[in-house]
Amino acid sequence: MDDQPRLMHAHAAVGMSGHPGLSQHIQDNTGATDGDGRKQDIGDILQQIMTITDQSLDEAQARKHALNCHRMKPALFNVLCDVKEKTVLSIRGAQEEESPDAQLMRLDNMLLAEGVSGPEKGGGAAAAAAAAAASAGVGADNATEHSDYRAKLTQIRQIYHTELEKYEQACNEFTTHVMNLLREQSRTRPISPKEIERMVNIIHRKFSSIQMQLKQSTCEAFMILRSRFLDARRKRRNFNKQATEILNEYFYSHLSNPYPSEEAKEELAKKCSITMSQVSNWFGNKRIRYKKNIGKFQEEANIYAARTAVSAASVSAHGSQTNSPSTPNSAGGYPSPCYQPDRRIQ
DNA sequence: AAATATGATTCGGA
DNA sequence: TCCGAATCATATTT
């Protein structure tokens with residue numbers, strides 16, 4: 001393989017002198033029909049080939065030219081190709097591997113699904129997530145994060161595409177180069193078009209395995225990005241003051257049984273512009289932390305107790321007095337905000 | 001920078 | 001499936 005450039009250059013001079021491509025020789029094999037002098041001819045040609053190395057380069061070129069012009073050359077070429085096909089190529093013929101293809105498909109599908117590859121702009125999943133979050137909550141609050149996420153996603157996508165393009169270009173360049181080389185050489189060596197095709201396939205396989213690595217690492221990068229994005233702990237935001245107030249109000253006014261029902265959770269979630277599971281988390285955290293250190297929460301408890309007392313008073317002043325279901329025990333709970341461990345927390 | 005607060009996750013139990 | 005408990009990872013305060 002390493003002496004190919006030399007061969008090619010050496011041959012270029014001959015090739016330039018108006019020889020048609022080899023394939024043409026093969027196709028119109030008009031000179032190979034007469035059979036009697038054939039063996040003799042072939043013997044001659046072989047003899048000439050064997051002695052060609054003894055001659056000077058110029059002489060060799062001349063010989064080569066003469067050989068190429070010989071009427072039996074196409075036939076000989078075919079024979080040599082056949083022999084080569086039977087001996088060498090058949091050995092490494094039937095080892096096709098299909099599993100990388102399947103894996104490549106998987107990676108492709110994933111990249112497509114995640115909006116990394118495929119149609120540009122606003123990759124599906126990301127866009128949907130962003131839209132959902134935007135409509136669900138405080139837009140400006142997490143808009144920066146989403147744009148950050150989007151920016152990183154586009155960055156990954158960009159790198160992926162440029163790399164992919166680079167690989168493709170390199171692959172094409174290399175393939176055409178090799179093909180030209182082989183075509184050139186096929187004038188002097190028994191290289192059939194089939195073999196060239198095979199070589200091209202081999203090259204493509206190699207490059208596609210490189211491509212697969214690229215796709216794999218892109219997938220990995222994307223997974224990391226997404227896990228970062230989805231792991232809420234990494235980007236925890238405190239609830240806004242209003243939401244915290246609403247939650248605390250409910251908590252302290254239901255201190256004897258701070259377990260909001262499904263409906264109550266739903267309503268709280270709506271009021272606070274957070275999800276229901278966030279409400280559940282909040283109450284879970286609140287209960288355990290309150291229980292752990294009641295003293296620390298006394299002040300807070302008193303504040304909210306007083307507040308609900310006021311609101312209850314104003315309600316009763318209005319006259320309705322529907323034995324408010326939201327103030328079981330906390331109306332005056334002062335020094336120890338009468339949190340009764342009777343229910344659950346203990 | 002250290003301490004504390006806080007939202008989320010994980011895990012075992014009922 | 002929900003809860004308490006422990007823990008994580010970040011946010012905020014000191």
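In the text below, chain A, chain B and the rest are named by the order of the sequence lines, each starting its count at 1.
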**Q.** Side-chain heavy-atom pair A:Lys206, A:Ile203 within 4.5 angstrom cut-off
**A.** no
(Q) Starting the side chain at C-beta, find the nucleotide from C:dA6, C:dT12, C:dC3 nearest to A:Tyr259. (A) C:dC3
Q) Closest to the A:Lys265 side chain: C:dA11, C:dC3, B:dG7? A) C:dC3
Q. Rounded to whole angstroms, how far apart are CG on A:Asn285 and P on C:dA11?
A. 16 Å
(Q) If only side-chain N and O atoms count, and only distance matters, is there a donor-acceptor pair under 3.5 Å linking A:Asn285 with A:Arg287? (A) no
Q. Heavy atoms, side chains only, cut-off 4.5 Å: are A:Glu163 and A:Lys166 in contact?
A. yes
Q | Selected nucleotide, minimal atom distance to A:Ile288 side chain, candidates C:dC3, C:dA5, C:dA11 | A | C:dA5
(Q) Quick check on C:dA11: is either OP1 or OP2 less than 4.0 Å from any side-chain nitrogen or oxygen of A:Arg237? (A) yes
**Q.** Side chain of A:Asn238 - closest among C:dA5, B:dT6, C:dA6
**A.** B:dT6
Q) Within this structure, what is the NZ-to-P distance between A:Lys292 and B:dT4, rounded to whole angstrom? A) 14 Å
Q. Does a nitrogen or oxygen in the side chain of A:Gln278 sit under 4.0 Å from OP1 or OP2 of B:dA8?
A. yes
Q) Is the shortest side-chain N/O distance from A:Lys291 to OP1 or OP2 of C:dA5 below 4.0 Å? A) yes
Q: Scan A:Lys296 against the nucleic acid and name what it touches under 4.0 Å (heavy atoms): base, sugar-phosphate only, or nothing.
A: sugar-phosphate
**Q.** Separation of atom CZ in A:Arg289 from atom P in C:dA6, rounded to whole Å
**A.** 12 Å
(Q) Please report the distance, rounded to the nearest Å, between CZ in A:Arg236 and P in B:dT9. (A) 12 Å
Q: Let me know the distance between NZ of A:Lys241 and P of B:dA5, rounded to the nearest Å.
A: 15 Å
**Q.** Atom-to-atom span, CD of A:Glu299 to P of B:dA5 - whole angstrom
**A.** 12 Å
Q) How are the rings of A:Tyr290 and A:Phe297 set relative to one another: parallel (under 30°), tilted (30 to 60°) or perpendicular (over 60°)? A) tilted
Q: State whether A:Arg287 places a side-chain N or O below 4.0 Å from either non-bridging phosphate oxygen (OP1 or OP2) of C:dG4.
A: yes
Q. Which of these nucleotides, C:dG4, B:dA5, B:dA8, is closest to any side-chain atom of A:Asn281?
A. B:dA8
